[in-house]
Every structure is written in C-alpha cells, then in structure tokens.
A.B. asks: 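The structure follows.
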Amino acid sequence: MKNVNPTQTKAWQKLTKHYNETKDTHLKSLFNNDSNRKNNYTINFNEFEFDYSKNRITDETLNYLLELANEVDLKSAMDSYFSGEKINQTEKRAVLHTALRNQSNSEVLVDGKNVMPEIRETLNKMESFTNKVVSGDWKGFTNKSISDVVNIGIGGSDLGPDMVVESLKFYKNHLNIHFVSNIDGDHVQEVIKNLNPETTLFVIVSKTFTTQETLTNATTIKKWFLQSASEKDVAKHFVAVSTNLKTVSEFGIDHDNIFTMWNWVGGRFSLWSTVGLTISLAVGFNNFKDLLIGAFEMDEHFKNTPFEKNAPVILSLIGIWYTNFFKCETEVILPYSQYLSKLAPYLQQAIMESNGKSVDRNGSKVNYQTGNIIWGAPGSNSQHAFMQLLHQGTKLIPADFIGFKESLYGDKDHHNKLMANFFAQTEALAQGKTKEEAHLDLKTQGKLEEIETLLPFKVFDGNKPSTTILIEKLTPKSLGSLIAFYECKIFIQGIIWNIFSFDQFGVELGKELANKFLNQNK
Ligand SMILES: O=P(O)(O)OC[C@H]1O[C@](O)(CO)[C@@H](O)[C@@H]1O
C-alpha cells in the first residue's frame, strides 16, 4: 500500500481550485443543464439503484476525484485488502471479513495458509447448532426446548447482531432474542427478570474474552442461572464466541459449545463470523447464508467494476469531496424503513471507530480532516424531529436516503405515503424554495398582510446534497449488500485519508483509567 498524503497529490490541488470555482453552483442549475442527470448519475447493481445525482458534483468533479483514487493507488490497496495481506499494520493482522462471506472457490491465504476450509467448517457448526435449537431438539437442563436467546457482548459483539436481528424481524422464527451489553447492572436485570433459566440459551460473544462489560454481565447471568441449576447444566445453556479459547474454558463453557473466530476479523466487521450466531438463531441459517451472499456480491461489484461505475468507490469519493473541501463534519443516514432503526448506531461504530484517526500511516499528524460524525434515524419519524435543521439550518449535512420499492407486509397505501415522503425530502433538500415561490405561496394562502414579515422564514436555500439508495425489497441478501457497501466505503476513505482503519487504540485510554478508578475505590 502506498503511503500518500492526499493533500500532496495533483488531484487534490485540482479539486481545491475546482471547489473554489464551483462551490456555489446550485443543484437546480445542474439539473436544468442536464435533463438526463438522474440517469447519468445512477449506478444499478442487482436490486440496488444508487442515485447520486443530487450531489454537488459535475463530471469534472468526478474526474478529479477519480484521479485522486488513482494517485493514492486505491486499486493495489484493494488487492492487498482482499488477498489477506496484513494491512492492519499496527496490529500486524490481515483484515478478512470479506473471506467470511466468500462464496467463490478461490483460496484466501493468511501466512500462507488457506483459511477457507476453517471458515466453512465453522459455518457448518453454526448451521447444525442453529437447526438443533430452532427445531427444539436442543434441550435445557429440565429437558425443555429453548424459547429465549440472550446475546451477551458489546461494541462489535453486540451492535452488528442486534442491528441485523432488528432489520430482519420479518424473517424471524419463534425464538425470543435479547441483547445485554451495557455494564449498567440495570440493563442485565431488565433482560433476565422475565426469563426462565430452563428455556434460555446464553450466547457470550467476545473476540478477546477480556472485555469488562461482557465478562461482568456473563458472570452475573451465570450466578443467576446457578440459583436454579447446577454447574453441569451450564453446558446446555451457555455457548461462547471468541478467539480466546483458554479463557472461555476457564469460564466454564463446554469445549463443544465454543464457536471460534479469528484475529483477522475486526470486532466491528464481525457479524459475518460466528459473532452472527444470534442472527442465525433468530432467522435460521439459510437466511444468515443469504446475508453472506448479499455481502459477497457487493464485494465482487467493488472488486471488479471500473471505478467510474463502482458504487462504493463513487460514493466514498463524493464523501471525501464534502468532508475535505466543503468541510462537512457529519453525515446523516436516513433509512425509510422502521426495520432499519438500528442501522445508524451500528454504522456509528463501524465508521467512527475505523476512521476516527488523526495520525497517518507514516505516523505523522494529519493536516486534513478524516472520519465523519455519523448519525441518523428512520424516516418518516426523522422529518418530525431533526430534519428542520437539514432544510433551513446553517450546516451542510450530506444525507443517505435508503428506501425500498416494496414493503414487506405489502400495504400499498402506507408504502406509497412513505415513499412519497422519501422522494419529497430529497427533492426539497436539493431544490429548496425561492423568495418568489414563497411569495406566491403566501399570496395563494391569502396571507397578504403578513407577506413581508413572513417571507424570509419561508425561503429554503436548497442545494443540500443527498444520495438516494433505492432497493427492491428488504431481504437478508439486500441487507448483506447494504452493510457491505458501507464497509467498502470505510476501507476506501481510509485509504484516501492515508490512515489505518482497522485498529482502535483510541478506546484503550478510557478502559485503563476506568480500571484505575475502580481499583482506587476498592
Ligand atoms: O468482542 P470484544 O473483544 O469483547 O470487544 C468488544 C468491542 O470492544 C472494542 O474493542 C472497543 O473497546 C470494539 O472494537 C469491540 O467491538
């Protein structure tokens, strides 16, 4: 991988000049000048339509951004990423969540060893365990089938599974799924208070098996369980997902109940691994497999499509344009589906833990902006909450609107209204409303006396950028592709910013100090 300060590239200089010349160009005029802008700036991939026409870009902008991608040698970085090279240099690890969903017959080598057979073996183990639990064949200590599953984990060992289980609720089976993550003891008590230890399965998920929150919660739960059962019953109710097999055994988990993962899977990219066990239990293994297939197909699109037609590449570059030239600090994620209510919190970890860095790959402080602040909530709710600030506030906030052509229960009336709102928002943000239009509105409403006083408040500047991601239907496969799309974006932007996206030393200091405070108070 090349270590290039992006601001030293020729493309950056061109982009700076281009920005100064075009920064005030209105989206309205870009649409007026090109009747085919929507089609020209849309990438179709499987059941996805990525419409980036409502962004403040022209062909010239895109050309310079593509030059930037070439100057930092994104292509060779991609080869290193997919081939198992140790691109997480600070931790001396490969970054291979892409191998977990690899559906091809190709080998993936880590230290000269093909990791695909191990991955397939683990998937088989997940499948047979899932089938036993879902069918009711897996029995608890009083010979009853499992009714409830509790995922105990935090960060990547919680947010990914929780978000996917919520997103795929429509596809769920009879098992009740719960998540315990916070060190706040009230969280665990609220979850266990209504559970029956005879019919509950606990999945302890921790890559390191050293995380304070997870071990504390698991210990509390085990104690609670042992009030009704004995130590030998633990094997029927506790399973663990980890790389740290020794500590898991010391915790008392049966060897057969350990689902391994690997240190080349980052926590925030791990839902495709055994960390997804709770997902598999919730929706069945076949749906979990479809999730992997969807992600694999996005990886293939990213790997094999020329940059100018490559959705993750184009949208990552547009993100750089806003962050580094327009100086936008945040990006908002607006899924028009209640099922995706946990997507923004999930992406907060994925994106901000990855690209929230201020030292470049040479170890020098960066002199440009990196990782954005990610936030968001489902529409239409968000329209009645924070959208005012997007429409008329002082900040420029690029938005991703994610919508589906079909609803899952098929209620046309609701869905038409939902999607009318979806398209209306992107249109209103882009076009705005001029003084003349606002004047006419007030006149039509008969507010003649108030026109002069009200007018300034009724104007919308518009020119607020958004990308429309329109998907056929929310399925395990399309969800897999959507998540993988954002993962590709994290990688691409990290390469351009010349930072290490796959470590997270920034979370360590707080952990150290928490232990210090804890010991002081003992
Ligand atoms: O799976 P583990 O090892 O318990 O870690 C949980 C989370 O903690 C973090 O290390 C941050 O503290 C995340 O990166 C990770 O997803």
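Counting starts at 1 for both ligands and their atoms, following the listed order.
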A.B. asks: Any Lys/Arg nitrogen of Glu127 or Lys289 sitting under 4.0 Å from an Asp/Glu carboxylate oxygen of the other?
C.D. replies: no

A.B. asks: Got a sec, which residues hit salt bridge (Lys or Arg N to Asp or Glu O under 4.0 Å) with Glu71, two or more places apart in sequence or on another chain?
C.D. replies: none

A.B. asks: Answer with yes or no whether the side chains of Asp400 and Tyr486 bring together a donor and an acceptor at under 3.5 Å.
C.D. replies: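 Yes, a side-chain donor-acceptor pair sits under 3.5 Å.
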
A.B. asks: Show which side-chain atoms of residues 234-242 pair as donor or acceptor with protein atoms under 3.5 Å away, not counting sequence neighbours.
C.D. replies:
from   : atom 1 : to     : atom 2 : distance (Å)
His237 : ND1    : Pro197 : O      : 3.2
His237 : ND1    : Thr200 : O      : 2.7
His237 : NE2    : Phe141 : N      : 3.0
Ser242 : OG     : Ser206 : O      : 2.7
Ser242 : OG     : Lys207 : O      : 3.1
Ser242 : OG     : Asn244 : N      : 3.0

A.B. asks: Given a heavy-atom cut-off of 4.0 Å, could you list the residues near ligand 1 in chain and number order?
C.D. replies: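 Heavy-atom contacts below 4.0 Å: Ile154, Gly155, Gly156, Ser157, Ser206, Lys207, Thr208, Thr211, Gly267, Gln349, Glu353, Gln504, Val507, Lys511.
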
A.B. asks: Mark yes or no: Lys222 above the aromatic ring of Phe251, with NZ or CZ under 6.0 Å from the six-membered ring centre and no more than 45 degrees from the axis.
C.D. replies: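 Judged by the rule, Lys222 and Phe251 form a cation-pi pair.
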
A.B. asks: Once ring-ring contact (aromatic ring centres under 6.0 Å, His included) is applied, what residue pairs with a partner in residues 340-369 remain, sequence neighbours excluded?
C.D. replies: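 Those involving residues 340-369 do not exist here.
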
